[in-house]
Amino acid sequence: MKSYKIAALAGDGIGPEVMREAIQVLRAAAKKFGFTLTITEAPVGWAGIDAAGKALPDATLALCRNSDAILFGSVGLPDRDPTIPKEERPERAALLRLRKEFGLFANLRPVKLPAVLAHACPLAKERQGAGIDILVVRELTGGMYFGQPKKTEDLGGGHQRAIDTMVYTTPEIERIAHVAFKAAQLRRKKLTSIDKANVLENGILWREVVTRIGKNYPDVTLEHMFVDNGAMQLMLKPTQFDVLLCENMFGDILSDEAAALGGSLGMLPSASLGATTGNQTFGFYEPAGGTAPDIAGKNLAKPIAQILSAAMLLRQSFGENAAAAAIEAAVTAAINAGNRTGDIFSAHEVNAKRVGTREMGAAITAAI
Ligand code: NAD
């Protein structure tokens, strides 16, 4: 029997609530599809600081190194974050650190609006066409978030100067372009590469390299779009997009904009992939949203993004495609049966039933 090790880091806010449901669903899928999962939980974020004095405790990092994949919740609490130095705060000290540590250079965020949730999409129905189905592929370890120098200088006279540096090398662009073209081949075979080649040196190089890599994928139609136009087109005609390829910061912004089209942040999973060894890819899987402190601990959070992240983990890291598809089908079945957490509930929907985190998780587990 195949056996895999998962590090489950729930984090803060709604993290523990949605992680509990995802673990339950993973166990049901493993049982049904005949593989063994060793799921070990460990603290991260404020939970890590409270337990061991660091957002990424040494024992948690050691567990991750000893695992085949990481299932992550989310970290950070807006009322506590400002009380400690910037570099010790959960998002920098845990999330960015893990991305660097495991070389997680490719972030995949699928955005799918199910037809029954058309009312939860902020766009008018006629702009939704036959359905929105976009995959955002974001470069995750380069660009402005990591480039050096990165500092705030004192200029004297009460003035300061903040510096961030945008840097990309050819190999960094090549490897993320390959990920995006390969993903497009498995979808509708269209790739829109986002840049700002009219203003940025980085944009010119990005466009040149993506165009060159595209020659290896003649079955994929490649188009280039400036990021400002891309942001607008996502609102005007999202159905034109299949795969969107973005550098780090543009992808951060556009993936959240695209996420809004999916109806609720609580619907959207993501995968951050590192190197592939043999047929296993080390990956880090997390919901698109944050810790949602406004609804934490109230059984109000939607666990679907966490559960779909677990499905992506089974597919991308372990190749357990049937189990992943079964989880995705179970989510669709639970939604089609009328289960709605508060964020996607509409009193106008016939047969809609308002449920909490636990009830939604139970409905999905039962459907596996
Ligand atoms: P957020 O995503 O936590 O919340 C934004 C809105 O979406 C809130 O109204 C929230 O209730 C709702 N929402 C989010 N997830 C939901 C779910 N599963 N079900 C139902 N509703 C959901 O973003 P924020 O308020 O900007 O950030 C809160 C904290 O989370 C901050 O400390 C931020 O730094 C952190 N954060 C962490 C990550 C991460 O760990 N990857 C990502 C984003 C934000």
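When a ligand or atom number is given, it counts from 1 through the structure's own listing order. Fair warning: this is a prediction, and the values are worked out from it, not measured in the lab.
- If you look at Ile295 next to ligand 1, the close heavy atoms, those under 4.0 Å, all belong to the side chain.
- Contact annotation: for Leu95 versus ligand 1, heavy atoms closer than 4.0 Å belong to the side chain alone.
- Phe318 CZ to Lys5 NZ: the interatomic distance, rounded to the nearest 0.5 Å, is 10.0 Å.
- Applying the 6.0 Å contact sphere to CG of Asp294 captures more than 12 heavy atoms from other residues, nucleotides or ligands.
- Atoms of ligand 1 found under 4.0 Å from any heavy atom of Asp294, numbered from 1 in the order shown, are 8 (C), 9 (O), 10 (C), 11 (O).
- A salt bridge does not link Arg315 to Glu320: none of the charged nitrogens lies less than 4.0 Å from a carboxylate oxygen.
- When the heavy atoms of Ala288, Ala94, Ser74 are ranked by distance to atom 39 (C) of ligand 1, first place goes to Ser74.
- Compare Arg80, Glu91, Gln306 by their heavy atoms: the one nearest to atom 38 (C) of ligand 1 is in Glu91.
- In this structure, Asp343 has a heavy atom closer than 4.0 Å to ligand 1.
- Rounded to the nearest 0.5 angstrom, Leu56 CG and Leu98 CG are separated by 5.0 Å.
- Residue contacts with ligand 1 for Ile304 are absent, since no atom lies close enough (heavy atoms, distance under 4.0 Å).
- The part of Asp81 lying near ligand 1 is the side chain, judged by heavy-atom distances below 4.0 Å.
- Distance check: Leu135 CG to Arg109 CZ gives 11.0 Å after rounding to the nearest 0.5 Å.
- Here the CG atom belonging to Leu140 is positioned 9.5 Å from the NZ atom belonging to Lys100, to the nearest 0.5 angstrom.
- Considering backbone and side-chain N/O of Leu300, none are found under 3.5 Å from N/O of ligand 1.
- Remark: side-chain polar atoms of Asp12 are paired, donor with acceptor, to backbone N or O of Trp46 under 3.5 angstrom.
- Residue contacts with ligand 1 include Pro293, since one of its heavy atoms falls under 4.0 Å from the ligand.
- Checked against a 3.5 angstrom limit, the closest N/O atoms of Gly289 and ligand 1 fall outside it.
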